[in-house]
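Contents: one structure, followed by commentary.
Numbered from 1 within each chain, the chains take letters A, B, ... in sequence-line order. Because the structure is a prediction, the values reported are computed rather than measured.
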Number of protein chains: 2
Amino acid sequence: MPKETFFNLPEQKRARVIEAALDEFAAYPYHKARITAIADQAGIAKGSFYQYFADKKDLFKYIADLIVNKKLEYLNHDMMLNKDKYGFFELLHELYLSGFRFAKENPRLIDIANNLLNNKELQRELWNDYEDQSFDYFQLLLKEGLAKGELDPTIDTALVSRLLTGINYSLGDILYKGKDGKIDLDDESGLIETIDKMLAFIKNGIKKRE
Amino acid sequence: MPKETFFNLPEQKRARVIEAALDEFAAYPYHKARITAIADQAGIAKGSFYQYFADKKDLFKYIADLIVNKKLEYLNHDMMLNKDKYGFFELLHELYLSGFRFAKENPRLIDIANNLLNNKELQRELWNDYEDQSFDYFQLLLKEGLAKGELDPTIDTALVSRLLTGINYSLGDILYKGKDGKIDLDDESGLIETIDKMLAFIKNGIKKRE
DNA sequence: ACAATAAATGAATGTGAAGTCATATTCATA
DNA sequence: TATGAATATGACTTCACATTCATTTATTGT
């Protein structure tokens with residue numbers, strides 16, 4: 001958590017610090033990002049930085065929180081709050097769609113998030129007992145889907161939850177190395193097509209049916 | 001590549017260096033692993049290390065090569081060389097099975113491999129133009145599977161290949177945090193059950209069928 | 001035995017940022 | 001406007017290793 005001092009700052013200055021941090025962390029992975037560069041770009045002294053944050057980790061966690069909250073804004077809240085009114089695959093569709101919408105409008109934040117997602121060691125370093133939230137959430141959704149009778153009752157929710165989490169990790173690659181080098185986030189229909197293909201895989205697998 | 005000097009070393013000494021490196025890299029992620037510790041444990045002077053290897057990266061790449069080659073030994077070569085004689089899902093089964101067998105017998109190597117697999121930034125740092133081999137290989141298998149008529153002809157091989165790669169990355173988690181906290185690698189039948197569940201997911205998805 | 005070449009050694013050096021701290025400046029309020 | 005509390009500052013200190021290098025020691029060939 002940033003120190004009190006940081007929140008006492010005039011909005012504009014605080015914004016400059018955050019902007020500088022976003023730029024630096026989007027451009028360089030955590031360990032290569034430099035506090036000096038952030039302070040310079042924000043137009044504050046390095047010492048001041050340490051009036052605002054305990055250390056680099058403190059700043060990064062704060063930034064990560066901002067990103068998570070921003071990401072949540074993209075979810076359809078009605079759907080998430082009334083999970084039972086919707087089908088499992090509808091919910092999954094919404095999760096992926098909101099992810100892509102978020103990516104489209106927040107390229108800088110996505111870069112930072114991917115850096116974090118692609119580095120388990122860093123996750124452990126920052127949240128020493130990091131437990132995979134996405135795993136827990138998928139497992140919850142799966143259990144509800146089973147209860148609703150939408151899912152094959154023979155599935156092992158723990159295992160499938162891991163597999164879905166694994167698929168989630170591939171989202172970064174799908175974004176950056178999509179079909180033709182890179183997915184076009186502006187192409188709404190192509191994007192929905194991609195999501196539909198992913199859902200088709202998750203729903204029906206890839207075996208040929210007669 | 002290690003220097004000539006390294007290969008001129010008496011086998012025993014060379015083995016000590018390799019052993020020490022495996023221990024260190026299994027215990028600590030790349031950037032925390034210390035050359036000093038490796039030299040100490042191998043019983044050589046720090047300077048000698050630099051007679052054998054250009055630098056830390058050189059050593060790590062060499063170790064990574066050893067691991068890849070060791071892993072290849074676990075594949076059923078007949079199957080891999082005569083891919084066309086076998087079905088897509090048989091081949092996939094063999095890939096997973098060989099992975100688990102390898103993990104079981106080489107816990108230290110698996111730790112090192114996971115460290116690498118879980119850190120894209122490191123991959124880029126070590127092989128600056130790292131291209132995902134697993135992606136290419138899956139795509140090849142998928143195309144052959146399509147040609148053989150085993151797979152749903154509507155799949156997008158590039159996308160599915162990414163999804164399978166994502167699932168592959170989750171293998172580490174499945175190993176270490178399987179159903180009850182940890183998969184029991186000694187339980188051969190439980191292990192095959194896990195593989196079968198994974199294959200069932202990939203084949204048929206998770207939608208309930210009537 | 002004598003060069004000449006190769007290998008071994010570990011103290012010394014280099015590096016690159018994180019984080020500190022003594023001092024200066026600003027601000028709030030009585 | 002006086003006073004202490006809160007902020008701001010950037011030169012300096014630390015730290016943890018990787019890497020180098022001048023010497024010493026061993027090996028090989030004649």
R14(A) CZ - dT7(D) C1' separation (whole Å)
15 Å
Once you apply a heavy-atom cut-off of 4.0 Å, does K13(A) come out as touching a base, just sugar-phosphate, or nothing?
sugar-phosphate
Find the distance K3(B):NZ to dT20(D):P and express it as a whole number of Å.
8 Å
Distance test, side-chain N/O of T5(B) to OP1/OP2 of dA7(C), below 4.0 Å:
yes
What is the distance, rounded to the nearest whole Å, between atom CZ of F60(B) and atom P of dA18(D)?
14 Å
Looking only at side-chain N and O atoms, does D55(B) offer a donor or acceptor that is under 3.5 Å from a partner on Y50(B)?
no
Looking for any heavy atom pair under 4.0 Å, which part of the strands does A39(B) touch: base, sugar-phosphate only, or nothing?
nothing
Are side-chain heavy atoms of L140(A) and K83(A) found at a separation under 4.5 Å?
yes
For the base of dT19(D), is there a side-chain donor-acceptor partner from K56(B) under 3.5 Å away?
no
Applying a 4.0 Å non-hydrogen cut-off, can you work out what Y52(A) is touching in the nucleic acid: base, sugar-phosphate, or nothing?
sugar-phosphate
Does Y50(A) have a side-chain nitrogen or oxygen under 4.0 Å from the phosphate oxygens OP1 or OP2 of dG19(C)?
yes
Does N8(B) have a side-chain nitrogen or oxygen under 4.0 Å from the phosphate oxygens OP1 or OP2 of dA7(C)?
yes
Can you tell me whether the side chain of Q51(B) and the base of dA7(C) have a donor-acceptor pair closer than 3.5 Å?
no
Need one value for S48(B): base, sugar-phosphate or nothing, where a base atom within 4.0 Å counts as base even if backbone is also close, heavy atoms only.
base
Counting any heavy atom closer than 4.0 Å, what does A33(A) reach on the DNA or RNA strands: base, sugar-phosphate only, or nothing?
sugar-phosphate
In whole angstrom, give the distance that lies between atom CD1 of I38(A) and atom P of dG19(C).
11 Å
Using whole Å, report how far OH of Y30(A) lies from P of dA17(C).
14 Å
Please find out if less than 6.0 Å separates the ring center of Y52(A) from that of F7(A).
no
Between F53(A) and F49(A), is the gap from one ring center to the other below 6.0 Å?
yes
Does E94(A) reach the main-chain N or O of N76(A) with its side chain, forming a donor-acceptor pair under 3.5 Å?
yes
To the nearest Å, how far apart are K46(A) NZ and dA17(C) P?
10 Å
Report the distance from atom CD1 of I44(B) to atom P of dA7(C), rounded to the nearest whole Å.
14 Å
Position toward the 5' end of DNA chain C (nearest nucleotide), A54(A) or R34(A)
R34(A)
Most 5' of G43(B) and H31(A) on DNA chain C, judged by nearest nucleotide
G43(B)
Interatomic distance where CG belongs to D55(B) and P belongs to dA18(D) [whole Å]:
11 Å
